Protein chains: 2
Amino acid sequence: MSVQQRATLDDVARLAGVSPKTVSRVYAQREKVSPDTAERVLSAAKRLRFRPNSLARSLRRGGVSTTVGFIMGELRNPFYYTVASGIEKALAAQGFTLIVATTDDSVEGEERVADTLLAQRVGALLLIPVSDDQSYLDGERQLGTPVIAIDRPARNLVADAIVLENRRGAVEATTALIAGGHRRIAYVCNPASVYTQTERVRGYREALIAGGIDPDPRWERLLDDPTAPADAVIRELLDQPDPPTAIIAGNNRVCVGALRALRDLASPPALIGFDDFETADVLGVTVVGHDPAEMGRRAALLAIERMADPTAFTTQIELPTRLIPRGSGERPPATETA
Amino acid sequence: MSVQQRATLDDVARLAGVSPKTVSRVYAQREKVSPDTAERVLSAAKRLRFRPNSLARSLRRGGVSTTVGFIMGELRNPFYYTVASGIEKALAAQGFTLIVATTDDSVEGEERVADTLLAQRVGALLLIPVSDDQSYLDGERQLGTPVIAIDRPARNLVADAIVLENRRGAVEATTALIAGGHRRIAYVCNPASVYTQTERVRGYREALIAGGIDPDPRWERLLDDPTAPADAVIRELLDQPDPPTAIIAGNNRVCVGALRALRDLASPPALIGFDDFETADVLGVTVVGHDPAEMGRRAALLAIERMADPTAFTTQIELPTRLIPRGSGERPPATETA
DNA sequence: TTGAAAGCGATACCAG
DNA sequence: CTGGTATCGCTTTCAA
């Protein structure tokens, strides 16, 4: 079984009886070639099963890269992959391909995979920051590789960012619970020391104060322990005297954990989750929803724009959230004397 | 704001006072360089923020590609992205990067993105076949690019495949329902004309016959209409006289649809889904589970193996499924006279 | 409209 | 152990 050679541009040129450059022109958009020769070239290319090598094309200094890198925590997280899906679609529509790399949400992982991606000479780098310091990317940025942070802004780095209106979303959820008659409203999240959560916690507290309620640490569970199971945390929260009558889950992980903890309760507290998830409607879970795919799409479009002009000013784009009532958030507080 | 140049291997060589080839050796594993010069080179590289260009490295004829392409239907489908996650992890562990491309489950899409990926000179191509003819990849395979089909075998192409024991899983589910006293057991899937479903339907029918029950078209809904909402199909199924007392959902989409249709029923039929999903335990759904991440991992490992030796014989690997009882599948048939 | 020659960044071959 | 030289596949001047 003989392994043949791959046909190159020169092979095509030879067969078509033209110069390599002419073949190149045929494949380059908006370069003039007489229709006659173009056809000769194309048929030769077809005969040889020629496929232009985009590696070689990108090699040239300042050559156009056709790839974009995306660094994410892990592919199994619904939020992450939905963002990835939005990115991929938007890129593909413009002829770019997506290289994904995951960090397992670890700080070392982030820098390591960034290195790999940059070695591939991606035209732009999209990332959901894990580390609280992206200054290691500054050299690359100065070299002209645009960096776009998603979901949380980059730290110590000039970069565009696409984030959510986290604070506003939290205010809306909290206000709705207050309007529903709740006074003891808990907020649970894990991890807590990330941008999205600090913003959401801030909104939660602001809304409490606006509603005439003093924020109380007893109702806050701001964890930073990847191993802490959310359902256990929720159970502990509800086991205290004077338990909260409503819970806001800071992300979908915690929300699913809360569902596990609440499923067997006779009169469960109200529950509002952050981030929508596929079976939330079946489960009747009220959430602060947003559109992760749209985040990805916007990030990809911005990346393409920046690749065209890396010197432009960077911006931070905030995407809206909206409260989606499905039942769990509309439960009234259990009557005290029941 | 001046855009600087990226440091090259030659720059590093110049600064370290050695030849380019020596720098190259430092970065190539298992090439002998005196520790003294190696250190000089590395410090020079660091000063210049040098990052080897893997594009240039792969350009050389027979050069080692560091990328693997994965063609999938769409990134939002839990099954697909879990597979992708397994692939990515396994690849990253060995220094490869993953390029993903999605087809929106369309036949034209598959060939189009395969083209893009091959233009990137991926070292191997993994795909979940959509088209029923992958012969368009044969040229590339002969050129030495291994192709690995996941979930369903490739058609008209010599390629490795990693699939599930679909038939066995369907037999197990059906047999369990029969053992539970069910006689009218429905099977619903959409799309139906894909390998996994034809296998599962076959297993379903075999198990019925083995249990002394004649397969009956009235209980089969083998759809091929992407727009048909699963919940409507289930409702229609249950509305007929003499409705089934148990339903097997051929994939997770249909299963979630079934949940929507069944949620308000007083005495819902038993339900077993194919494919596990995140909130299945919360919802108490019995499923024929498997491990999509493991499929991805195995596919990636096989790809790496084949890249090292593309002339090896191809194989088909079957991965096990297992019935996970969670309640919905254990419901007894409603008493006829209730 | 077409072609010749140089070069992108790294590696392999063969000497030293 | 180290260094020249050709080369991978394509694109960009600059001429013709």
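These figures come from a predicted structure and were not determined experimentally. In what follows, every chain begins at residue 1, and chains take the letters A, B, ... in the order their sequences are listed.
- Comparing the start and finish of the helix from C/dT1-D/dA16 to C/dG16-D/dC1, five pairs each, the helix axis swings through 30°, to the nearest 10 degrees.
- Pairs of residues two or more places apart, or lying in two chains, that qualify as salt bridge (charged side-chain N to carboxylate O under 4.0 Å, His left out) and include a residue from residues 95-109 of chain A are A/D104-B/K89.
- Chain A approaches DNA chain C over the interval C/dT1 to C/dG9, counting the first and last nucleotide 5' to 3' with an atom under 4.0 Å from its heavy atoms.
- Shown here are the ring-ring contact (aromatic ring centres under 6.0 Å, His included) partners of A/Y81, two or more places apart in sequence or in another chain: B/Y81.
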*Do nucleotides 5-16 of chain D as a string where each nucleotide becomes B, S or -: B if the base has a protein heavy atom under 4.0 Å, S if just the sugar-phosphate does, - if no protein is that close.*
--BBBSBB----
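- Contacts of A/D133 classified as salt bridge (charged side-chain N to carboxylate O under 4.0 Å, His left out), with partners at least two apart in sequence or in another chain: none.
- Sorted by first and then second residue, the salt bridge (charged side-chain N to carboxylate O under 4.0 Å, His left out) pairs involving residues 8-19 of chain B (not counting sequence neighbours) are B/D11-B/R14.
- Applying the ring-ring contact (aromatic ring centres under 6.0 Å, His included) test to B/Y195 and every residue at least two apart in sequence or in another chain returns nothing.
- B/N77 contributes atom CG, which lies 7.5 Å from atom CE of B/M72 (distance to the nearest 0.5 angstrom).
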Would you be so kind as to tabulate the donor-acceptor pairs closer than 3.5 Å made by side chains of residues 62-70 of chain A, with sequence neighbours excluded?
| unit_1 | atom_1 | unit_2 | atom_2 | d |
| --- | --- | --- | --- | --- |
| A/S65 | OG | A/T67 | N | 3.2 |
| A/S65 | OG | A/T67 | O | 3.4 |
| A/S65 | OG | A/T67 | OG1 | 3.4 |
| A/S65 | OG | A/R121 | O | 3.1 |
| A/S65 | OG | A/G123 | N | 3.1 |
| A/T66 | OG1 | B/Q120 | NE2 | 2.8 |

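- Contact annotation for B/S58: no contact, since no heavy-atom pair falls under 4.0 Å across all strands.
- Residue pairs meeting the salt bridge (charged side-chain N to carboxylate O under 4.0 Å, His left out) criterion with at least one partner in residues 148-162 of chain A, sequence neighbours excluded, are A/D160-A/R306.
- Take B/E111 and apply the salt bridge (charged side-chain N to carboxylate O under 4.0 Å, His left out) test, not counting sequence neighbours, and it matches no residue.
- Take A/R298 and apply the salt bridge (charged side-chain N to carboxylate O under 4.0 Å, His left out) test, not counting sequence neighbours, and it matches A/E294.
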